[in-house]
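Everything below concerns the one structure shown next.
Positions are given from 1, in the same order as the sequence printed here. The model shown is predicted, which means the values in this text are computed figures rather than measured ones. Counting starts at 1 for both ligands and their atoms, following the listed order.
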Amino acid sequence: MKSSAQVVVIGGGVVGASVLYHLAKAGWTDAILLERRELTAGSTWHAAGGLHTLNGDPNVARLQQYTINLYQEIERVSGQSCSIHLCGGLMLAEHEDRMDFLRMAVARGRYLGMQLELITPNEARDLFPVMDPKYFVGALYDHFEGHVDPTGVTLAYVKCAQQLGGEVYTHTPVTGLAQRPDGTWDVEIENGDPIHTEHVVNAGGLWAREVGRMVGLELPVLAMEHQYVLTVPVPEVQAWNKQTGKELPMTIDFGGEIYVRQEADGGMLLGTYEQAAVPWSPKKTPWDFGSQLLKPDLDRITPEMSVASKHIPTMATVGLKRVVNGPFTFAPDGNPLVGPIRGLRGYWVACGVMAGLSQGGGVGLALAAWMTAGDAGDSGMDIFAMDIARFGDYANLAYTNAKVQENYRRRFQITFPNEELPAGRPLLTTPIYDRLTTANAVWGATMGLEHALWFQKAALEPKEDVTFHRSNAWDCVAEEVRAVRTDVGMTEISNYAKYRVTGAGASEWLSSLLTQRMPTIGRITLTAMLNDAGRIFGEFTVARPAEAEEFYLFGSLPAEVQHSRWFRHQLPKDGSIRFEVLGLALVGLSVTGPRSRDLMASIAPDLDISTEAFPFMTFRKVDLGMTPALLGRINYSGELGYEIWLAPEQQRALFDRIVDAGKSHGLRLFGMRALMSLRLEKSYGTWFREYRPIYTIPEAGLHRYVKLDHEFIGRAAYEAQVAEGPSRRLVTLLLDPDPEAPADVFGDEPIWHDGAVVGWVTSGGYGHFVGQSIALGYVPADLADASGRGGAGFEIEVVGRRRPARIQSEPLHDPQGLRMRQ
Ligand SMILES: Cc1cc2nc3c(=O)[nH]c(=O)nc-3n(C[C@H](O)[C@H](O)[C@H](O)COP(=O)(O)OP(=O)(O)OC[C@H]3O[C@@H](n4cnc5c(N)ncnc54)[C@H](O)[C@@H]3O)c2cc1C
């Protein structure tokens with residue numbers, strides 16, 4: 001056994017094996033995989049092996065396609081059969097909402113290059129003859145789904161990795177991890193001396209939590225029990241196989257909450273994500289658990305089985321051969337956990353993979369790219385939907401256990417784009433939570449923090465009727481937008497990420513990371529952050545309140561862990577600079593609208609906030625009456641407005657004073673939905689939608705965020721991009737109304753031009769003040785000019801209907817930006 005290696009992968013399930021293979025393929029051949037028992041001795045050996053291409057995140061969907069494509073290659077290279085059955089996949093819709101869901105999936109699949117088609121229930125029965133079509137309204141057929149043998153796949157990865165130089169040691173449990181002062185690791189094993197390595201990958205599957213605890217981490221992972229049944233051969237299926245020469249497709253019956261596929265002998269495999277879900281080992285996974293199954297519990301899945309026997313009548317009579325009950329792990333949102341851990345050099349995770357056969361290849365590819373080429377964004381991939389950094393410290397054991405169970409039960413249910421799921425909430429709240437609740441706020445949560453989405457009319461229940469179309473929020477949001485544009489509104493902005501950077505040299509350090517130099521005293525700067533490849537890795541408002549080397553950065557809350565991991569990684573080793581994540585130590589309010597100055601003046605009569613004394617983009621430490629605050633003249637609505645940052649213990653008092661004073665200024669509370677509508681009317685992009693690490697500054701049209709008066713990460717790449725010119729560009733599109741089925745885009749819809757899909761929507765909605773349905777999205781650069789070919793011929797597919805659209809070249813509201821500067 002080797003005593004050292006560049007990287008040690010812990011865990012020989014399908015995920016660890018894929019990571020080893022992809023590392024070796026990327027050139028890291030001095031790589032070892034350690035497996036406690038036999039390969040696959042976690043959840044892998046008893047997986048049903050199903051392959052699916054659909055995912056709520058298009059970037060993850062791409063990696064699922066990659067995974068399925070990979071199987072033929074590793075089978076060929078290794079000589080190990082993976083038992084690949086690309087028999088197609090069928091998704092059955094039980095009602096019109098589900099059809100809308102499938103229509104949107106088909107639409108998204110168009111720019112992902114997927115082969116998806118919508119079919120009738122009878123056409124579905126032609127492909128899956130055991131179903132009763134009367135329970136369904138339609139279906140989606142995916143030509144590129146099927147199933148594989150999980151053990152064959154794992155062995156194939158391993159054999160390919162071994163051919164490249166990777167090594168695998170089975171029956172070698174890792175018992176501990178000790179980090180040396182230089183950041184390298186000693187991997188302690190049960191049966192030998194520690195192995196010294198630079199990088200450790202936790203691919204511990206069912207034991208990933210325990211391998212996390214070896215370094216003091218509580219990873220947001222929980223295993224759930226999961227059952228499928230295997231029937232005896234079904235003569236009807238055998239006859240159909242013979243007659244057509246085909247195998248039954250992988251079928252999901254969403255309404256019945258079941259999935260079905262065919263076995264080699266003509267029997268069926270039927271599994272369910274049952275409502276009576278049971279977590280497995282919610283606190284600690286026993287080390288003595290091996291390649292074994294849990295006790296079957298058919299009672300628990302009786303409700304789903306009885307629906308199955310109606311929808312698939314054969315199931316009512318066919319004999320069961322075997323019941324498999326096995327555990328497998330989930331993260332709170334059902335996507336994998338991949339990437340480095342903030343502040344823990346050389347420790348990587350590839351765990352929480354609930355669909356290891358559909359996703360394992362993509363997880364291995366993404367992690368290997370990240371480890372070998374630096375940040376994942378540098379390799380052109382955007383895997384935030386799998387990045388461990390999408391969860392913060394709030395995602396502890398109890399939170400994870402609540403969310404995973406919710407996610408498991410909802411596995412086959414629709415989550416609407418405007419739906420907020422209830423488990424684990426409310427968790428983080430600010431001091432004005434009760435005030436806003438009294439004002440009838442409808443709440444959403446991001447990174448565990450509650451924020452007001454919109455305010456329901458008095459006496460009506462503060463609840464959104466979730467839909468793919470326009471919800472009951474419509475009128476209320478319209479009124480909130482109108483109040484901001486014509487009078488004044490106040491919203492809470494504590495749900496921004498806030499950072500404070502201090503210390504000698506802070507200005508130079510930040511300038512070396514950001515595309516603008518730091519602001520002068522009392523000013524604000526808007527800036528981007530690039531990675532080495534010149535892709536947009538962050539977007540921030542930076543403010544400097546006073547002379548000291550003290551800067552405040554405001555950014556996206558969902559990216560807080562990801563961005564702080566990056567900033568910390570870049571800190572000078574001499575400790576001269578302090579980087580703080582302020583979290584809820586700083587909370588915020590935004591007061592905006594044409595009457596906002598009058599309102600602010602009335603609560604701070606001693607403060608001169610005239611345009612001359614406090615112009616646009618000013619940022620200062622002030623006293624608003626009795627409340628010390630940081631006051632910035634900036635906002636996201638495109639109106640005159642102020643952002644107020646203050647200590648949480650001051651927030652209620654100030655809120656009350658503003659509400660009180662606001663009575664004579666027409667003040668109205670507004671929420672995130674109105675803010676999104678306001679920013680669309682100004683064509684302002686937002687992080688994770690218009691700006692992500694797959695886009696560049698020239699593509700996003702963010703040149704105003706860049707000044708070439710200093711050196712910064714990604715500058716050379718940026719200059720090359722400018723010289724070359726972008727191949728696609730971010731544009732604003734206006735959709736024609738659709739009186740028959742009023743709806744707006746949510747994001748990820750395809751953009752058509754002259755009958756072909758040419759781009760995709762990043763976000764959109766309704767601009768309530770301008771009265772337009774608006775979409776932001778990327779299209780080929782030669783179509784981005786409204787006066788050229790882009791002037792006509794666009795369509796956007798909204799919930800299955802192609803709607804004519806045209807490019808809007810300048811912001812719909814106040815294109816010169818005079819109102820916010822007045
Ligand atoms: C009933 C059932 C049906 C399923 N059906 C499907 C399906 O149809 N399609 C699909 O894509 N997925 C399916 N899955 C999920 C799939 O099994 C998992 O996504 C996959 O197995 C995860 O693989 P993994 O490598 O992350 O974890 P695991 O398979 O759990 O592997 C982890 C490995 O790490 C080893 N290990 C842990 N700790 C240590 C240590 N300290 N030292 C050394 N070794 C260690 C373990 O022994 C284990 O072999 C199903 C799961 C179940 C239970």
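- Between V353 and ligand 1, at least one pair of N/O atoms sits closer than 3.5 Å.
- By the 3.5 Å distance cut-off applied to N or O atoms, V14 is counted among the residues near ligand 1.
- Near H46, meaning under 4.0 Å from any of its heavy atoms, are these atoms of ligand 1: 1 (C), 2 (C), 52 (C), 53 (C).
- Between W28 and H199, the ring-plane angle classifies as tilted under the 30° and 60° cut-offs.
- Residue C351 places every heavy atom at 4.0 Å or more from ligand 1.
- Between E225 and R300, at least one side-chain nitrogen of the basic residue sits less than 4.0 Å from a carboxylate oxygen of the acidic one, meeting the salt-bridge criterion.
- Nearest heavy-atom pair across P279 and L222 is CB-CD2, 3.9 Å.
- Taking the charged nitrogens against the carboxylate oxygens, D132 and R125 have no contact shorter than 4.0 Å, which rules out a salt bridge.
- If you number the atoms of ligand 1 from 1 as listed, the ones under 4.0 Å from a heavy atom of G326 come out as 53 (C).
- Assignment of W287 to the shell around ligand 1 is supported, since a heavy atom sits closer than 4.0 Å.
- Nearest to atom 27 (O) of ligand 1 among the protein's heavy atoms is G205 CA, 3.2 Å.
- V174 O, 3.0 Å is the protein heavy atom nearest to atom 41 (N) of ligand 1.
- Between F254 and F101, the two ring planes are perpendicular [angle over 60°; tilted spans 30° to 60°].
- Nearest protein heavy-atom neighbour of atom 13 (C) of ligand 1: A47 CB, 3.8 Å.
- For K284, the NZ atom is densely surrounded, since the number of other residues' heavy atoms within 6.0 Å is greater than 12.
- Not a single N or O atom of Q227, backbone or side chain, sits closer than 3.5 Å to an N or O atom of ligand 1.
- At least one heavy atom of M354 lies less than 4.0 angstrom from ligand 1.
- When non-hydrogen atoms are compared, ligand 1 lies under 4.0 Å from the backbone of A203 (N, CA, C, O) but not from its side chain.
- Annotation: S358 places an N or O atom under 3.5 Å from an N or O atom of ligand 1; distance criterion only.
- In this structure a side-chain-to-backbone donor-acceptor pair under 3.5 Å is missing from E35 to L39.
- In this structure, atom 29 (O) of ligand 1 lies nearest to the protein heavy atom T44 OG1, 2.6 Å.
- When hydrogens are left out, the protein atom nearest atom 26 (O) of ligand 1 is V15 CG2, 3.3 Å; that is the closest non-hydrogen contact.
- Taking every heavy atom of L34 and a limit of under 4.0 angstrom, the matching atoms of ligand 1 come to 43 (C), 44 (N).
- Interface of G12 with ligand 1, defined as ligand atoms under 4.0 Å from a residue heavy atom, comprises 33 (C), 34 (O).
- Taking a cut-off of under 4.0 Å to the non-hydrogen atoms of A355, the atoms of ligand 1 that pass are 10 (C), 11 (O), 12 (N), 19 (O).
- If you number the atoms of ligand 1 from 1 as listed, the ones under 4.0 Å from a heavy atom of L206 come out as 30 (O).
- Taking only nitrogen or oxygen atoms, main chain and side chain alike, I10 does not reach within less than 3.5 Å of ligand 1.
- With M224, H171, R36 as candidates, the residue nearest to atom 43 (C) of ligand 1 on a non-hydrogen basis is R36.
- Comment: R76 does not engage E73 in a salt bridge, judged by the lack of any side-chain N to carboxylate O separation of less than 4.0 angstrom.
- Note on E218 versus R213: salt bridge recorded, some NZ/NE/NH1/NH2 to OD/OE distance being below 4.0 Å.
- Within the 4.0 Å heavy-atom shell around ligand 1 one does not find I189.
- Salt-bridge annotation for R36 and E38: absent, with no side-chain N of the basic residue lying under 4.0 Å from a carboxylate O of the acidic one.
- On a distance-only criterion, G50 and ligand 1 share at least one N/O pair closer than 3.5 Å.
- Relative orientation of the F412 and Y259 rings is perpendicular, given thresholds of 30° and 60° on the angle between their planes.
- Contacts of Y228 with ligand 1, taken as heavy-atom pairs under 4.0 Å, involve the side chain alone.
- Put simply, the residue from R409, K403, R410 that forms a salt bridge (Lys or Arg N to Asp or Glu O under 4.0 Å) with E406 is K403.
- Residue, atom and distance of the protein heavy atom nearest to atom 47 (O) of ligand 1 are E35 OE2, 2.7 Å.
- Closest protein heavy atom to atom 3 (C) of ligand 1: A48 N, 3.5 Å.
- Using a 4.5 Å heavy-atom cutoff, the side chains of V232 and V318 are in contact.
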- prompt: Does the pair R565 and D387 meet the rule for a salt bridge (Lys or Arg N to Asp or Glu O under 4.0 Å), with working shown?
  reply: CA-CA 12 Å; R565 184 177 64 194; D387 190 339; 2.7 Å; yes
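- Among protein heavy atoms, atom 37 (C) of ligand 1 sits closest to G204 O, 3.4 Å.
- The aromatic rings of W207 and F289 lie tilted to each other, with the angle between the two planes from 30° to 60°.
- Atoms of ligand 1 lying under 4.0 Å from any heavy atom of P327, numbered from 1 in the order shown and given with element: 53 (C).
- Of the candidates F328, F289, W280, Y169, F328 brings a heavy atom nearest to atom 51 (C) of ligand 1.
- Annotation for ligand 1: atoms under 4.0 Å from non-hydrogen atoms of T172 are 43 (C).
- The existence of a salt bridge linking R98 and D253 is excluded, since no basic side-chain nitrogen approaches an acidic carboxylate oxygen closer than 4.0 Å.
- Side-chain polar atoms of H196 and W185 form no donor-acceptor pair below 3.5 angstrom.
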